[in-house]
Amino acid sequence: MGSQGGFGQSKEFLDLVKSIGEARSKSEEDRIVLHEIEMLKRRINEPDIPKRKMKEYIIRLVYIEMLGHDASFGYIHAVKMTHDDSLLLKRTGYLAVTLFLNEDHDLIILIVNTIQKDLKSDNYLVVCAALNAVCKLINEETIPAVIQQVVELLGHPKEGVRKKAVMALHSFYQRSPSSVNHLVSHFRKKLCDNDPGVMGATLCPLYDLITIDVNLYKDLVVSFVNILKQVAERRLPKSYDYHQTPAPFIQIKLLKTLALLGSGDKKSSEQMYTVIGDIMRKSDTTSNIGNAILYECICCISSIQPSPKLLETAADAIAKFLKSDSHNLKYMGIDALGRLIRISPDIAEQHQLAVIDCLEDPDDTLKRKTFELLYKMTKSSNVEVIVDRMIDYMISINDSHYKTETASRCVELAEQFAPSNHWFIQTMNKVFQHAGDLVNPKVAHNLMRLIAEGFGEDDESADSQLRSSAVESYLKIVDEPKLPSAFLQVICWVLGEYGTADGKYSASYISGKLCDVAEAHSSDDIVKAYAVSALMKVYCFEKAAGRKFDLLPECHTLLEEMSASHSSDLQQRAYEFQAILDLDSNSIDNIMPLDASCEDIEIDKTLSFLNTYVHKSLEEGAEPYIPENQRSGTLTVIPNIPYDTSSHSLRFEAYEVPKPVVPTRPPPPTTTTYPTDLVPVSVSLPEPSYHQPARFSGPVPDPSPTDLRLRLDGVQKKWGKPSYTSSATSSSTSNFDFNRTTVNGPTQPDNVVVPKARESRHVEVSEEKQKLAASLFGGTSSSSRLEKKQPVAATASSKRPATAVVAAAPPPPPDLLDLGEMSGYSMVVDPFKQLEGLLDVSQDGSTSSSSLTIPTNGHNQNLMMINEKDEFTPVNGSPNVSNKTTATLTKGPSLKDALDKDALVRQMGVNPTSQNPNLFSDLLS
């Protein structure tokens, strides 16, 4: 490497790569990269940087972007480097630009001129670098600027340039197909290019074109077959071999193309048989790439017109896949077998034991693919075994996507191949119970329609037996907890329509069950709506048949509850129920006929029954109706409502002359009245602080000594922005709640018993496996039914979260020397003590009128609290004492009486009943 480092890079850059590789954590790596970014930001903007250094800086930026960090500060320098005359710097710039930018980046416009110039260069390496940038950066808007030059490069003497030109045109087609529709003939010509690389690159755009319209390219079948034959015969250079397989990726692309061209075309398919057979015989099954070509041949055989000989060869290849120990090859074999059984269903019988082994394999991916195969080969003789296996698998998995897909397949197979009504209903019940709300809502509607319409035959007895079986099964499971909402809707509908149809169950029994459903799922309005509609049907059918009935008390309660429901739908159903019951039997029979859910309702869209009314109104002078298509030009003008043209069109009138701003005088810093009680109180406006933001605006109200205001001390504001507290003082604010304590108790998760998955069994070819194979692949289903394990019902036991009980700590003893704010209890004071608080002057000289100063001279040391019976109880200590000098007055004797005494004291000066003579000696001095 030397002192300059390897590959022409400095030792500093190699040390950076080494330090990042030796980083032991992501944070350490990020620290190194961020330090590198800061260093590059300084150096890359220095003047007169040598080109060699700038190239290294660009490479470092690429490295930083590869590590997931932002290097956008250097994008413009990479764009500038594409303009350099040096080949090495230009290729480095193009490489960085294709990695940094996308086709919609703002800097693309700066590269288009450089690309146009470089596409005309005499150096083919410069042309190749420009074509690489064209494939990555040219968007739909800039395609016309370079497309003509790219087309001219299709005839370049260098094969590398021709190949990249084809790739560039393919990228143009992917971005804007209309821009290269006139260039399809060039793709056809390049398919016959002497260089295999150019030919292989042309296969990609042709495949996309053939996918859209096959008929336009039927004439290319012979060319594709000849190319595939030459590749299989190893006529390409050795450089195209991969693991001793000749040009495998060209073979795979050709086989995909032939599969499209031979689909439904016998003539084209016959031209492919020979070359496909030769490739399958020559394929190397010991390597992955050989097996990939073999799999693609099977896919091609399944797409074109079938050939018996090729089908046998494909079946033998599938057998090798299925017998392999590799799960990947087994997966490929199952997928290939699923393709072939659409052409020849008998092929699956040859591999029945291998399919069963894959069905019981612990690999979940392989098991899913096997169920997909069984879904394709299901018929009436094996539907019971396959659906039961799929339901067991659905119970054992937790993935909601695959659970939904498996449930949909079970429903589809049950509808198509159900051997009996009883089995069909039981299967649908299992699917709804175990898949829950993951079942598509359409499945529930399809099930209701199937029960109503029957199996489409004229056998009424079979349809009635289906409905009776459904009613019996639903009555057994309707009381089970945690049934999905969609399933409950089906149950309510079936019980309402056919619950009393066969006379086996009485109307009171069915209605009781429906009331239980509505009560148990009171939070689900849809289920309640279905339940009420079902109740209405049951009683209407009874009344229409002339049978006597009485509404159950539970039904009366339910109707009363729903009549006052917040849901308008539930209210309407309840009122309709009550109104229909008051009608006679003939009217009910016409409104709700028996078993008429599938009958078509004729609707008179012309509303012809209103013709008489319309003619009479027109004769009396009413305005005729104007159809909507004829009143498109009319404009309804609403008076007294100005039309806002600014929101609908441009305004062309001049702007108004701005009015001079008249400065408003700020409110004087006088005292402002704040609501503290229904007494005249005046306090000074406190200074804004971090604890109490000043959010006061507007004129200052005139303080009036007679203004009565509501006292809001201690009232917590629940909505809106925080405001001033009524107990604001000049020295401190009391906006904090020191007694608020939040205790989060530990929450214990619910213990849910998850159904266990069926354990995989690896056994020899036993009698049981043979019976299963006979059931799946052509045996009679009745004699080869497997004994199915009943799924363990998922139960959940929920525990309430433990509530943390915090015992109230005993209050600390009173500290009479602490002059802090007393919060959390009330004090009993006399008017003189209140007077002392009113005359207390704080540090800034403002008088506090809503606070009370605690005396420090030893008097009144026993504080009192008032209980609910208005009795005075001594308190030994205060629970919360802050380091403030005031305490909010929250409770005590009548403040009006206290202030009256205060006024008396102001007039007389001395009160002989005072308990604190020192105060008055100080006042009178």
Side-chain angles (χ1 to χ4, degrees), residues 5 7-10 12-17 19-20 26 29-121 123 125-146 149-150 164 167-168 171-172 174-176:
F7 307 105
Q9 307 304 323
S10 66
E12 183 180 358
F13 176 56
L14 297 180
D15 292 340
L16 171 66
V17 177
S19 61
I20 291 178
K26 184 67 169 64
E29 176 185 314
D30 292 342
R31 181 180 56 79
I32 297 172
V33 174
L34 292 176
H35 179 268
E36 178 72 12
I37 290 174
E38 294 299 326
M39 186 270 295
L40 287 176
K41 284 182 179 180
R42 294 192 308 269
R43 293 188 180 180
I44 205 168
N45 292 320
E46 294 177 356
D48 301 330
I49 302 178
K51 293 183 177 181
R52 175 175 161 275
K53 278 289 184 184
M54 180 59 72
K55 179 177 75 72
E56 181 179 323
Y57 293 159
I58 296 299
I59 294 176
R60 290 194 191 186
L61 291 176
V62 172
Y63 189 49
I64 289 172
E65 285 268 340
M66 291 170 59
L67 292 174
H69 293 264
D70 181 35
S72 57
F73 62 90
Y75 289 177
I76 187 63
H77 298 281
V79 173
K80 291 179 180 179
M81 189 168 286
T82 60
H83 304 163
D84 201 282
D85 295 332
S86 171
L87 176 61
L88 183 59
L89 296 179
K90 183 181 288 291
R91 295 184 68 181
T92 303
Y94 274 126
L95 174 64
V97 164
T98 54
L99 294 175
F100 288 157
L101 309 182
N102 55 58
E103 60 182 27
D104 297 325
H105 201 277
D106 296 337
L107 294 177
I108 294 298
I109 194 65
L110 302 178
I111 309 175
V112 175
N113 290 334
T114 305
I115 290 177
Q116 289 177 329
K117 185 183 70 173
D118 291 340
L119 289 176
K120 300 177 182 178
S121 175
N123 191 337
L125 295 177
V126 175
V127 178
C128 289
L131 288 173
N132 288 337
V134 165
C135 295
K136 292 285 187 180
L137 302 178
I138 296 299
N139 53 30
E140 185 176 358
E141 297 177 355
T142 53
I143 285 176
V146 296
Q149 293 177 284
V150 174
K164 292 183 182 297
M167 295 171 64
S171 68
F172 293 166
Q174 291 176 336
R175 289 178 174 84
S176 177

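In what follows, every heavy atom counts, from backbone to side chain, and hydrogens, waters and symmetry copies are set aside. This is a predicted model, so every value here is computed, not measured.
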Would you call [X] and [Y] a side-chain contact if the rule is heavy atoms closer than 4.5 Å?
X      : Y      : answer
Arg43  : Tyr57  : yes
Val62  : Leu95  : no
Leu107 : Phe100 : no
Met54  : Lys80  : no
Ile115 : Tyr94  : yes
Ile108 : His105 : yes

If I take atom [atom1] from residue [X] and atom [atom2] from residue [Y], how far apart are they, to the nearest 0.5 angstrom?
X     : Y     : atom1 : atom2 : answer
Ser10 : Arg52 : OG    : CZ    : 7.0 Å
Ile20 : Tyr63 : CD1   : OH    : 4.0 Å
Ile32 : Ile37 : CD1   : CD1   : 12.5 Å

Stepwise side-chain contact (heavy atoms from CB on, under 4.5 Å) check, Met39 with Glu12: CA-CA 12 Å; Met39 186 270 295; Glu12 183 180 358; 3.6 Å; yes
Test: salt bridge (Lys or Arg N to Asp or Glu O under 4.0 Å). Region: residues 82-97. Which pairs qualify, not counting sequence neighbours?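 Output for this query lists Lys51-Asp84, Lys90-Asp118.
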Is a salt bridge present between Glu56 and Arg60, judged by a nitrogen-to-oxygen distance below 4.0 Å?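 Salt bridge flag = yes for Arg60 with Glu56.
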Validation: residues 125-138 side-chain donor-acceptor distances under 3.5 Å, sequence neighbours left out:
from   : atom 1 : to     : atom 2 : distance (Å)
Asn132 : OD1    : Lys164 : NZ     : 3.1
Asn132 : ND2    : Cys128 : O      : 3.3

Decide yes or no on side-chain contact (heavy atoms from CB on, under 4.5 Å) for Leu110 and Ile76, but give the supporting numbers first. CA-CA 9 Å; Leu110 302 178; Ile76 187 63; 4.1 Å; yes
Gln174 atom CD, over 12 foreign heavy atoms within 6.0 Å: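 Yes, because the 6.0 Å sphere around CD of Gln174 holds more than 12 heavy atoms from other groups.
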For [X], enumerate each residue passing the side-chain hydrogen bond (donor to acceptor under 3.5 Å, both in side chains) test, keeping only those at least two apart in sequence or located in another chain.
X      : answer
Glu140 : none
Thr98  : none
His83  : Thr114

Does the side-chain contact (heavy atoms from CB on, under 4.5 Å) test come out yes or no for Leu34 and Glu38, once each step is laid out? CA-CA 6 Å; Leu34 292 176; Glu38 294 299 326; 5.7 Å; no
[X] versus [Y], closest heavy-atom pair with distance:
X      : Y      : answer
Gly74  : Leu61  : CA-CD1, 3.6 Å
Arg175 : Asn139 : CD-CA, 4.2 Å
Ile58  : Ala96  : CG2-CB, 3.5 Å

Donor-acceptor pair, Gln116 side chain versus Ala145 backbone, under 3.5 Å? yes
Identify all side-chain donor-acceptor contacts of residues 64-73 below 3.5 Å with residues at least two apart in sequence or on another chain.
from  : atom 1 : to    : atom 2 : distance (Å)
Glu65 : OE2    : Ala71 : N      : 3.0
Glu65 : OE2    : Tyr75 : OH     : 2.6
His69 : NE2    : Asp30 : OD1    : 3.2
Asp70 : OD1    : Ser72 : N      : 3.2
Asp70 : OD1    : Ser72 : OG     : 3.2
Asp70 : OD2    : Ser72 : OG     : 3.0

